[in-house]
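The next block holds one structure in the form of structure tokens; read it before the comments.
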Amino acid sequence: MNHVDRLLLAGVIGWPIMHSRSPMLHNHWFEKNNLVGRYIPLAIEPKNLEAALRGLHPLGFAGVNVTIPHKQAVVPFLDEVSLAAQRIGAVSCIHARPDGALIGSNNDAHGFIRNVQVSFPNWRANAGPITVIGAGGGSRAVCFGLLAEGAKEIRLVNRSLEKAQAIAHDLGGGITPIPWSERHQALGGVQMVVNTTSLGMVGQEELDLNLQDLSPDALVSDIVYIPLETTLLKTARLRGNPTLNGLGMLLHQGPLAWKVWFGMEPEVTQELRALLEKSIQG
Ligand code: ATR
């Protein structure tokens, strides 16, 4: 890649943004690949979103990742949105193409699935029912990814049942919406549970979920990664279940973004994972 005339530039847009761990991840890849580049956290107020997006190409950005609260708000300002992002209903990554066009995609589903596959190579989405807790943006990506991998039955539990019903409607067959009051029983006979709510995240309430009906072999996964081990994961680990935190979902989205931004896929290494874990624990 010949770029001696300019810095390679990418970033993440959000509001607030300074808590994001993605700059550490992407700047590590610039360094490891001997590239002169920077990945910058861009604090973009919602009222400045359109102007910020219009500025990406002229400023020389290859693109940006998109986080809360912009994942849906960016859509009207994009020239194309991938089919996956349309179905999920959110954009997590924008490519500012050399011709100036802005292309939106969603790498959350891929990041989630890849993390499971790398950590548990024998895992199969169609091996049995899966319970997903939560029906926000994270849940839509997780459900989309699971269905794309061949999941046949997803029990989708949410406090507001109508949001689970909307996902079942939008993503098609295989999803059964389940009321919040039935979440404990919804774990009976499943091969996997995924928490996609913010419950258990630092500063938030705990997720109240009784694992009594859960098989000891079932994989328990959380998309939260601060803390690395939520109370849900700790409880599951102590009763012998395999567990997976949300850090890998963040890590495994990165290579897809780099593919469109810079034409290469950097590696998710143990060294990189340890670097982020240390920063989260610190
Ligand atoms: P994201 O886009 O990150 O997934 P979100 O769209 O705000 O975030 O979704 C947050 C999820 O956490 C939702 O499923 C939400 O439930 P509701 O749809 O009923 O709001 C869930 N959630 C947040 N706080 C909760 C609480 N105290 N009890 C139960 N669920 C909660």
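Every number for a ligand or one of its atoms is a count from 1 in the order of the listing.
In Ser198, the parts holding a heavy atom less than 4.0 Å from any atom of ligand 1 are both the side chain and the backbone.
Taking 4.0 Å as the cut-off between side-chain N and carboxylate O, Lys71 and Asp108 count as a salt-bridged pair. The pair Arg273-Glu271 does not count as a salt bridge, with every side-chain nitrogen at least 4.0 angstrom from each carboxylate oxygen. Taking the charged nitrogens against the carboxylate oxygens, Asp170 and Arg140 do have a contact shorter than 4.0 Å, which makes a salt bridge. A salt bridge links Lys259 and Glu265; the closest N-O separation between the charged side-chain nitrogens and carboxylate oxygens is under 4.0 Å.
Shown in contact with Gly137 at under 4.0 Å from a heavy atom are these atoms of ligand 1, numbered in order with element: 1 (P), 2 (O), 4 (O), 6 (O). Close approach to Lys163 involves these atoms of ligand 1, each under 4.0 Å from a residue heavy atom: 17 (P), 18 (O), 20 (O). In the vicinity of Gly138, heavy-atom distances shorter than 4.0 Å reach the ligand 1 atoms 1 (P), 2 (O), 4 (O). Within ligand 1, counting atoms from 1 as listed, the ones closer than 4.0 Å to a heavy atom of Gly134 are 14 (O). Near Ala135, the atoms of ligand 1 lying under 4.0 angstrom from a non-hydrogen atom of the residue are 14 (O). Close contacts of ligand 1 with Trp180, meaning ligand atoms under 4.0 Å from a residue heavy atom, involve 29 (C).
By the side-chain hydrogen bond (donor to acceptor under 3.5 Å, both in side chains) test, Glu149 pairs with Gln117, sequence neighbours left out.
In terms of polar-atom proximity, Asn158 is counted as a contact of ligand 1, with an N or O under 3.5 Å from an N or O of the ligand.
Among all protein heavy atoms, the one lying closest to atom 5 (P) of ligand 1 is Gly136 CA, 4.0 Å. Counting only heavy atoms of the protein, atom 20 (O) of ligand 1 lies nearest to Arg159 NH2, 2.8 Å. Nearest to atom 17 (P) of ligand 1 among the protein's heavy atoms is Ser160 OG, 3.4 Å. In this structure, the protein non-hydrogen atom closest to atom 12 (O) of ligand 1 is Thr197 CB, 3.3 Å. For atom 3 (O) of ligand 1, the closest non-hydrogen atom of the protein is Ile68 CD1, 4.1 Å.
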### Task
List the steps and the verdict of salt bridge (charged side-chain N to carboxylate O under 4.0 Å, His left out) for Arg97 and Asp79.
CA-CA 10 Å; Arg97 254 185 2 205; Asp79 298 290; over 6 Å; no

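For atom 27 (N) of ligand 1, a protein heavy-atom neighbour is present inside the 4.0 Å cut-off. Protein heavy atoms come within 4.0 Å of atom 23 (C) of ligand 1.
Taking the six-membered ring where the residue is Trp, the centroids of Phe30 and Trp258 are separated by under 6.0 Å.
Grouped by direct or indirect side-chain proximity (heavy atoms under 4.5 Å, Ile/Leu/Val/Met/Phe/Trp/Tyr only), Ile88 sits with Phe112, Ile113, Val116, Phe120, Trp123, Ile130, Val132, Val142, Phe144, Leu146, Leu147, Ile154, Leu156, Ile167, Leu171, Ile175, Met192, Val194, Leu219, Ile223, Leu244, Met249.
Residues Arg239 and Asn241 have side chains that bring a donor and an acceptor to within less than 3.5 angstrom of each other.
To the nearest 0.5 angstrom, Leu228 atom CG is 14.0 Å from Lys278 atom NZ.
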